[in-house]
Amino acid sequence: MSDAAKTKSADVAADPGRKSMDDIMALCKRRGFIFQASEIYGGINGFWDYGPLGAQLKKNLKDAWWQDCVLSPPTGPDGREVEMVGLDTCIIQHPKVWEASGHVGGFNDPRVDCKQSKGRYRADHLFVLQSTGKMLAKPMYAFIEGDEESEKRAYKLMAKYLKTNLPLPPDQTDVVPLAQIPLSEYHRLVGPDANEPGTLTEPRAFNLMFKTYVGATASEDDVAYLRPETAQGIFIQFKNVVDTSRVRVPFGIAQMGKAFRNEVTPRNFTFRSREFEQMEIEFFCHKDDAAKWYAFWRDWRLAWWRSIGLGSDNLQLREHDKDELAHYAKEGAGTSDIEYRFPFTYPGFGELEGVADRSDYDLRQHQEHARVKLEYFDTERGELAPNGQPKGERYLPNVIEPSAGADRGVLAVLCEAYTPDDTRPSKVYMKFHPRIAPIKAAVFPLVNKDGMPEVADKLARDLKKRYSIIETDAKQSIGKRYARMDEAGCPFCFTIDGDTLKDNTVTLRHRDTQEQERIGIDKVASFLGEKLGLQEN
RNA sequence: GCGGGUGUAGCUCAGUGGUAGAGCGUCACGUUGCCAACGUGAAUGUCGUCGGUUCAAAUCCGAUCACCCGCUCCA
């Protein structure tokens with residue numbers, strides 16, 4: 001901050017590397033954006049609550065997403081308005097949902113810790129180089145699959161032990177997966193980063209899902225899980241939506257809601273929380289069109305984040321490398337992350353939204369596990385019948401999934417908006433896009449007498465009928481009230497003064513420039529409507 | 001999970017064994033007529049929590065919780 005203080009606010013605003021996360025967190029607490037969950041009990045790791053301003057900010061962000069994705073969707077690559085419907089499914093579903101999705105069984109990969117090097121490894125990524133023949137009490141060397149350095153190290157150590165040169169005689173050693181080494185032999189095992197044997201722990205499972213029980217008896221037969229993603233609720237209701245809402249492929253189903261993951265390390269304020277909210281679209285299309293729709297959503301979602309105020313320099317698109325791809329995306333057209341440059345990731349970026357081609361993986365999995373046909377009959381495809389009509393085609397649609405983190409979105413918006421400015425009394429202001437600003441406007445009587453409060457109250461009441469959150473405040477000096485609004489990120493203030501009583505004009509004060517102008521009191525509503533991007537008249 | 005750091009008023013922090021502090025903010029009254037103005041006054045703390053040492057602990061010791069940083073992890 002000491003550097004930032006000497007810098008022009010515009011420079012600081014554009015450069016998150018100059019913003020202090022501590023200062024942003026302090027403001028979030030001070031102004032009631034974000035509180036630590038269960039704070040009076042000492043807090044609870046990985047959980048955060050939203051205060052009055054934060055709750056409104058988050059609601060505005062979610063409303064903007066719902067508005068732009070569901071109620072007023074964009075024009076697709078085929079030139080037509082995208083077809084989209086909403087859905088709201090349960091946090092708790094049948095346990096088999098998570099078996100089908102691969103969340104149970106497939107992904108609670110066991111980990112192995114090294115007591116000496118403090119390293120942690122995926123057990124299925126570790127291989128062991130051992131000498132054959134008389135194995136008793138001889139050391140074995142673990143290395144990481146695909147990691148040449150650790151593999152070379154293991155061979156070098158083995159060569160040293162066998163007192164031979166590299167390459168090792170092939171008949172004296174072999175390589176086996178760690179899983180084949182019995183626990184009783186771990187005392188002979190040298191870890192990939194250790195220099196003595198016996199430092200590796202036994203493989204331990206990490207289950208990232210929250211476990212709970214359905215029913216008051218709570219026996220092991222009643223185990224259920226809190227959803228780790230909202231997506232599966234969409235997949236398992238896919239058939240109902242198709243059967244009841246007249247949608248036709250290509251179309252999307254949108255849903256937002258809480259999801260839960262027992263993150264190993266909750267970190268970076270709300271960025272990695274154990275309870276978080278997702279805004280997900282599952283877009284269903286024919287396999288032949290998947291690449292086209294994937295590119296469309298990837299680009300459109302990036303543009304959307306820009307439209308709500310995330311600066312272009314701090315936002316980037318990153319295509320995943322092949323080896324990064326999740327199990328469900330291996331067959332797809334690709335995965336990319338929309339990333340924001342947070343102060344705590346600077347100069348790197350952190351994921352805001354992932355856009356993935358999930359192929360038909362999920363529908364296929366549920367079709368198999370539930371033994372229910374989930375195929376879609378497309379009447380516009382297939383070869384032509386003699387009457388000139390297509391015969392139709394039956395298929396499992398491909399899925400393009402733009403999956404955004406609502407809390408990460410709020411955090412990015414907070415970081416982007418945070419603008420130190422030593423020249424103004426508040427020393428900082430929150431430069432929210434008017435569309436998502438929690439307080440849209442403030443109405444102040446310049447002084448609390450001479451008929452001004454009455455006029456201000458009337459204007460505020462009129463505005464409140466149409467716009468969310470209009471602040472009124474008649475206490476203390478006008479400068480103090482402007483400063484408070486700067487920290488809350490209120491974009492516009494309207495001040496009633498002596499002249500208002502004579503000529504019906506008010507002072508309009510702009511947050512970002514601190515400029516003032518006079519406009520007619522009857523123009524205030526239409527001005528706000530235009531600035532907030534709402535229909536007026 | 002490991003290592004380092006931090007935890008005192010709403011916020012930022014001072015306080016190294018002897019009665020709990022400052023600035024800012026908040027609130028009230030007065031004044032003020034466009035940028036945290038001024039005056040007067042007020043409220044606010046089990047010094048993160050629990051335990052130990054001591055005549056006496058915010059201060060020393062132990063444990064624990066939370067947050068920050070670095071590893072690790074993040075389907």
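Labels below follow one simple rule: chain letters A, B, ... track the order of the sequence lines, proteins then strands, and each chain is numbered from 1. Note: hydrogens, waters and symmetry copies are ignored here, and every other heavy atom, side chains too, is used. Since we're looking at a predicted model, the values are computed, not measured.
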Participant: With the threshold set at 4.0 Å, does a side-chain nitrogen-carboxylate oxygen contact exist between A/Lys19 and A/Asp23?
Facilitator: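 Not counted as a salt bridge, because no side-chain N and carboxylate O are separated by less than 4.0 Å.
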
Participant: Taking atom P in both B/A56 and B/C69, what distance in whole Å separates the two?
Facilitator: 41 Å

Participant: Show me the protein contacts with nucleotides 21-28 of chain B, counting only N or O atoms at under 3.5 Å.
Facilitator:
residue : atom : partner  : partner atom : Å
B/U26   : OP1  : A/Arg484 : NH1          : 2.1
B/C27   : OP2  : A/Gln476 : NE2          : 2.8
B/A28   : OP1  : A/Lys475 : NZ           : 2.8

Participant: When you get a sec, tell me which of B/C2, B/G33, B/C34 is the closest nucleotide to the side chain of A/Arg267?
Facilitator: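 Closest nucleotide to the A/Arg267 side chain: B/C2.
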
Participant: In the structure shown, which nucleotide is the Watson-Crick or G-U wobble counterpart of B/U59, with both distances under 3.5 Å?
Facilitator: none

Participant: If you measure from the Lys or Arg side-chain nitrogens to the Asp or Glu carboxylate oxygens, is any gap between A/Arg274 and A/Glu263 under 4.0 Å?
Facilitator: no

Participant: On a whole-Å scale, what distance lies between the P atoms belonging to B/C24 and B/G41?
Facilitator: 15 Å

Participant: Name the closest nucleotide to the A/Gln516 side chain, picking from B/C68, B/C35, B/A66.
Facilitator: B/C35

Participant: Any carboxylate oxygen within less than 4.0 angstrom of a Lys/Arg side-chain nitrogen, looking at A/Arg318 and A/Asp337?
Facilitator: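 Yes.
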
Participant: Over how many whole Å does the gap from A/Phe269 atom CZ to B/C67 atom C1' extend?
Facilitator: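 Rounded to whole Å, this separation is 10 Å.
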
Participant: Quick check on B/G33: syn or anti? Syn means the glycosidic torsion is within 90 degrees of zero.
Facilitator: syn

Participant: Under 4.0 Å, counting only non-hydrogen atoms across every strand here, what does A/Gly46 touch: a base, just sugar-phosphate, or nothing?
Facilitator: sugar-phosphate

Participant: Whom does B/A14 pair with, Watson-Crick or G-U wobble, provided both distances fall under 3.5 Å?
Facilitator: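 Partner of B/A14: none.
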
Participant: Can you tell me how far C1' of B/C11 sits from CD of A/Glu39, to the nearest Å?
Facilitator: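 Interatomic distance, CD of A/Glu39 to C1' of B/C11: 12 Å.
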
Participant: Under 4.0 Å between a Lys/Arg side-chain N and an Asp/Glu carboxylate O for A/Lys58 and A/Glu277?
Facilitator: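 So A/Lys58 pairs with A/Glu277 through a salt bridge.
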
Participant: Send over the distance from A/Lys449 NZ to B/G33 P, rounded to a whole Å.
Facilitator: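 Rounded to whole Å, this separation is 8 Å.
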
Participant: Return no unless some side-chain N or O of A/Asn268 is found under 4.0 Å from OP1 or OP2 of B/C69.
Facilitator: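 So the side-chain polar atoms of A/Asn268 do come within 4.0 Å of the phosphate oxygens OP1 or OP2 of B/C69, strictly under.
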
Participant: Parallel, tilted or perpendicular: which fits the ring planes of A/Phe492 and A/His510, with parallel below 30° and perpendicular above 60°?
Facilitator: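 A/Phe492 vs A/His510 ring planes: perpendicular.
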
Participant: Looking across every strand, which nucleic acid part, if any, lies under 4.0 Å from A/Glu351 by heavy atom: base, sugar-phosphate, or nothing?
Facilitator: nothing

Participant: Starting the side chain at C-beta, find the nucleotide from B/A36, B/G33, B/C67 nearest to A/Met452.
Facilitator: B/G33

Participant: Record whether the side chain of A/Arg481 comes under 3.5 Å of the base of B/C35 through a donor-acceptor pair of N or O atoms.
Facilitator: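 For A/Arg481, whose side chain was compared with the base of B/C35, there is no donor-acceptor pair (under 3.5 Å).
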
Participant: Using atom C1' in both nucleotides, what's the gap between B/C60 and B/C47 to the nearest angstrom?
Facilitator: 15 Å

Participant: Between A/Arg227 (side chain) and A/Thr89 (backbone), is there a donor-acceptor pair under 3.5 Å?
Facilitator: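 Yes.
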
Participant: Under the 3.5 Å rule, do the base of B/C65 and the side chain of A/Tyr41 count as making a donor-acceptor pair?
Facilitator: no

Participant: Can you measure A/Ile44 atom CD1 to B/C67 atom P for me and round it to whole angstrom units?
Facilitator: 9 Å

Participant: Using the side-chain heavy atoms of A/Arg518, tell me which of these nucleotides is nearest: B/C34, B/G3, B/U32.
Facilitator: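 So the side chain of A/Arg518 is nearest to B/C34.
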
Participant: So, OP1 or OP2 of B/A37: does either fall under 4.0 Å of a side-chain N or O from A/Ser477?
Facilitator: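 For A/Ser477, the contact criterion (side-chain N or O under 4.0 Å from OP1 or OP2 of B/A37) is met.
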
Participant: Looking for any heavy atom pair under 4.0 Å, which part of the strands does A/Arg509 touch: base, sugar-phosphate only, or nothing?
Facilitator: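 Here A/Arg509 touches the bases of the nucleic acid.
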
Participant: Show your reasoning for whether side-chain hydrogen bond (donor to acceptor under 3.5 Å, both in side chains) applies to A/Arg298 and A/Ser336.
Facilitator: CA-CA 7 Å; A/Arg298 182 195 58 197; A/Ser336 27; 4.6 Å; no

Participant: Angle between ring planes, A/Phe344 versus A/Phe342, binned at 30° and 60°: parallel, tilted or perpendicular?
Facilitator: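 It falls in the parallel class, under 30°.
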
Participant: When you measure from the side chain of A/Asp450, which nucleotide among B/A36, B/G33, B/C35 comes out closest?
Facilitator: B/G33

Participant: Give me the distance, rounded to whole Å, that separates B/G45 from B/G10 when you measure between the C1' atoms they each carry.
Facilitator: 12 Å

Participant: I'd like the C1' distance from B/U53 over to B/A42, given in whole Å.
Facilitator: 41 Å

Participant: In whole angstrom, what separates A/Phe342's CZ from B/C69's P?
Facilitator: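 Going from A/Phe342 (CZ) to B/C69 (P), I get 13 Å.
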
Participant: Just by distance, no angles: are the side chains of A/Tyr225 and A/Gln93 close enough, under 3.5 Å, to form a donor-acceptor pair?
Facilitator: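 No pair is found: no donor N or O on one side chain lies under 3.5 Å from an acceptor on the other.
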
Participant: Looking at B/C34, which nucleotide sits across from it as a Watson-Crick or G-U wobble partner, both distances under 3.5 angstrom, or is there none?
Facilitator: none

Participant: Mind listing the residues from residues 493-506 of chain A sitting with a heavy atom below 4.0 Å of RNA chain B? Number order is fine.
Facilitator: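 Under 4.0 Å from RNA chain B: A/Thr495, A/Asp497.
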
Participant: In terms of side-chain geometry, is the basic nitrogen of A/Asp486 or A/Arg511 positioned less than 4.0 Å from the acidic oxygen of its partner?
Facilitator: no

Participant: Does the side chain of A/Asn45 get closer than 4.0 angstrom to OP1 or OP2 of B/C65 through an N or O atom?
Facilitator: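 Result: no.
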
Participant: Considering only atom C1', compute the distance from B/A57 to B/U8 and round it to an integer number of Å.
Facilitator: 14 Å

Participant: Quick test of your reading: applying side chain to side chain donor-acceptor pair (under 3.5 Å), list the pairs with at least one residue in residues 445-457 of chain A, sequence neighbours left out, ordered by first then second residue.
Facilitator: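 For residues 445-457 of chain A, and leaving out neighbouring residues, there are no side chain to side chain donor-acceptor pair (under 3.5 Å) pairs at all.
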
Participant: Nearest whole Å is fine: how far is B/A36 C1' from A/Met485 CE?
Facilitator: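 To the nearest whole Å, that distance equals 13 Å.
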
Participant: Mapping A/Pro266 and A/Tyr482 to their closest nucleotides on RNA chain B, which lands nearer the 5' end?
Facilitator: A/Tyr482

Participant: Send over the distance from A/Asp22 CG to B/U6 C1', rounded to a whole Å.
Facilitator: 10 Å

Participant: Any strand counts, and the cut-off is 3.5 Å on both contacts for Watson-Crick or G-U wobble. Which nucleotide pairs with B/G3?
Facilitator: B/C69

Participant: Salt-bridge test for A/Glu339 and A/Arg408: reply yes if a basic N is under 4.0 Å from a carboxylate O, no otherwise.
Facilitator: no

Participant: Using the P atoms only, state how far B/G4 lies from B/C61, rounded to an integer number of Å.
Facilitator: 15 Å

Participant: Considering Watson-Crick and G-U wobble pairs with both distances under 3.5 Å, what does B/C29 pair with?
Facilitator: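 Pairing partner: B/G39.
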
Participant: What integer distance in Å separates A/Ile34:CD1 from B/C67:C1'?
Facilitator: 14 Å

Participant: With respect to the side chain of A/Leu446, which nucleotide from B/C68, B/C35, B/G33 is positioned closest?
Facilitator: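 Of the candidates, B/G33 comes closest.
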
Participant: Out of A/Asp497, A/Asp499, A/Asp503, which one pairs with A/Arg518 under the side chain to side chain donor-acceptor pair (under 3.5 Å) rule?
Facilitator: A/Asp497

Participant: Among B/A36, B/C67, B/C71, which nucleotide sits nearest the side chain of A/Trp48?
Facilitator: B/C67

Participant: If pairing requires Watson-Crick or G-U wobble contacts with both distances under 3.5 Å, which nucleotide is the partner of B/U64?
Facilitator: B/G48

